[in-house]
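Read through the structure below, which is laid out as structure tokens, and then see the notes.
Numbered from 1 within each chain, the chains take letters A, B, ... in sequence-line order.
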There are 2 protein chains.
Amino acid sequence: MARDGRLTIGDLSRRTGCKVQTVRYYEQIGLLPEPERSEGNQRLYRQAHLDRLAFVRHGRELGFSLDAIRELLSLADRPSHSCEAADAIARSQLQQVENRIARLTSLKAELERMIEECRGGRVADCRVIEVLADHSQCLADSHPPAATAP
Amino acid sequence: MARDGRLTIGDLSRRTGCKVQTVRYYEQIGLLPEPERSEGNQRLYRQAHLDRLAFVRHGRELGFSLDAIRELLSLADRPSHSCEAADAIARSQLQQVENRIARLTSLKAELERMIEECRGGRVADCRVIEVLADHSQCLADSHPPAATAP
DNA sequence: GCTTGAACCTACAGCGACTGTAGGTGCCAT
DNA sequence: ATGGCACCTACAGTCGCTGTAGGTTCAAGC
């Protein structure tokens with residue numbers, strides 16, 4: 001830790017579990033304010049930066065987009081306002097999470113069915129390949145794209 | 001449909017629900033073989049291309065990565081081999097889907113808790129903001145990054 | 001035969017949310 | 001003074017598409 005309770009970017013990174021590059025990225029896109037610099041041009045952060053970064057990370061862990069977090073931050077900066085907007089953002093996030101769970105649950109069922117019926121023989125008889133090749137055997141709904149890996 | 005049962009890229013697109021650009025993209029990354037061309041340089045596909053594309057799309061709907069699909073395709077091309085590898089890919093995919101469901105379920109619980117306790121007052125009292133600001137109130141596990149939108 | 005307009009072509013930029021690399025500078029301990 | 005790590009900037013790459021610009025081909029209608 002730098003003197004006067006100032007934190008280097010590495011300190012910030014260790015305390016939030018957020019990579020150094022990601023901190024710089026957040027600054028670049030305007031999610032974190034530019035901190036002071038040392039004489040040698042290194043970033044020096046204060047507690048307020050740490051709090052703000054923790055807020056961002058926590059939002060990300062809850063699946064909020066950076067845009068949603070940006071909006072939540074700007075709401076948090078005006079504490080006397082109504083929290084209707086924050087509530088709406090959270091509700092929409094909940095809705096999306098529920099949709100994803102539903103979709104993944106049906107994928108899970110189909111994957112289990114595929115695997116269950118694969119008896120470890122030759123590829124020609126493999127249900128995994130067969131099910132993929134023939135959509136008509138499929139329970140899952142069609143076109144919407146699958147979730148990407150986290 | 002072009003003559004001789006050949007399909008244009010638009011036909012392929014309509015029959016698989018896969019956008020024209022995406023078909024060209026799959027060709028570019030080597031997931032689909034280059035088809036013949038007409039005299040005017042337009043792609044002409046056969047049934048085999050349609051089957052292969054349907055396989056790819058179905059795999060994507062089940063959440064497989066393009067790399068996993070590439071491997072499944074190469075297995076499908078050698079039908080006399082053991083299907084052990086295909087089974088392993090499907091099992092690993094199932095594992096990932098289960099992990100995502102578990103993670104999303106705990107996010108859902110925390111979002112519900114946040115929303116439940118937000119009584120629509122001022123931002124200063126808003127649980128949504130408060131929970132985001134204070135990680136110690138959190139039930140969700142920490143560092144792994146949140147799922148991205150599907 | 002000619003015109004129109006949709007469908008096709010290539011090449012490339014952009015999305016979100018980072019992550020990694022190259023090449024250089026600062027800082028601190030020994 | 002020197003070693004080695006942490007820091008700096010700038011930019012490219014990841015995944016799986018999607019969109020755009022600017023041009024060509026095709027089929028149908030007149």
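- Atom CD in B:Q21 sits about 13 Å away from atom C1' in D:dA21, given to the nearest Å.
- A salt bridge links B:K108 with B:E112: at least one charged nitrogen is closer than 4.0 Å to a carboxylate oxygen.
- Heavy-atom nearest nucleotides on DNA chain D were determined for A:V20 and for B:Y26, and the one closer to the 5' end corresponds to A:V20.
- Atoms CD (B:E34) and C1' (C:dT10) sit 14 Å apart, rounded to a whole Å.
- Checking A:G10 against B:D67, the closest nucleotide of DNA chain D that is more toward the 5' end is the one next to A:G10.
- The residue A:I9 sits close only to the backbone: its heavy atoms come under 4.0 Å of sugar-phosphate atoms, none of a base.
- When each of C:dC8, C:dC18, D:dG16 is scored by its nearest atom to the side-chain atoms of B:T8, the top-ranked nucleotide is C:dC8.
- Ranking C:dC18, C:dC9, D:dG16 by closeness to the A:T22 side chain, first place goes to C:dC18.
- Between the CZ atom of A:R43 and the P atom of D:dC7 there is a distance of 11 Å, given to the nearest Å.
- For the pair A:K19 and C:dA17, the criterion of a side-chain N or O lying under 4.0 Å from OP1 or OP2 is not met.
- The terminal axes of the helix from C:dG1-D:dC30 to C:dT30-D:dA1, fitted over 5 pairs per end, subtend an angle of 10° to the nearest 10°.
- The side chain of B:R24 lies closest to C:dC9, out of C:dC9, D:dG19, C:dA17.
- Of the candidates C:dA17, C:dC8, C:dT10, the closest approach to any side-chain atom of B:Q42 belongs to C:dC8.
- Salt bridge annotation for A:R127-A:E130: present, with a cationic side-chain nitrogen under 4.0 angstrom from a carboxylate oxygen.
- For B:E84, the CD atom sits in a loose shell: 12 or fewer heavy atoms of surrounding residues, nucleotides or ligands are nearer than 6.0 Å.
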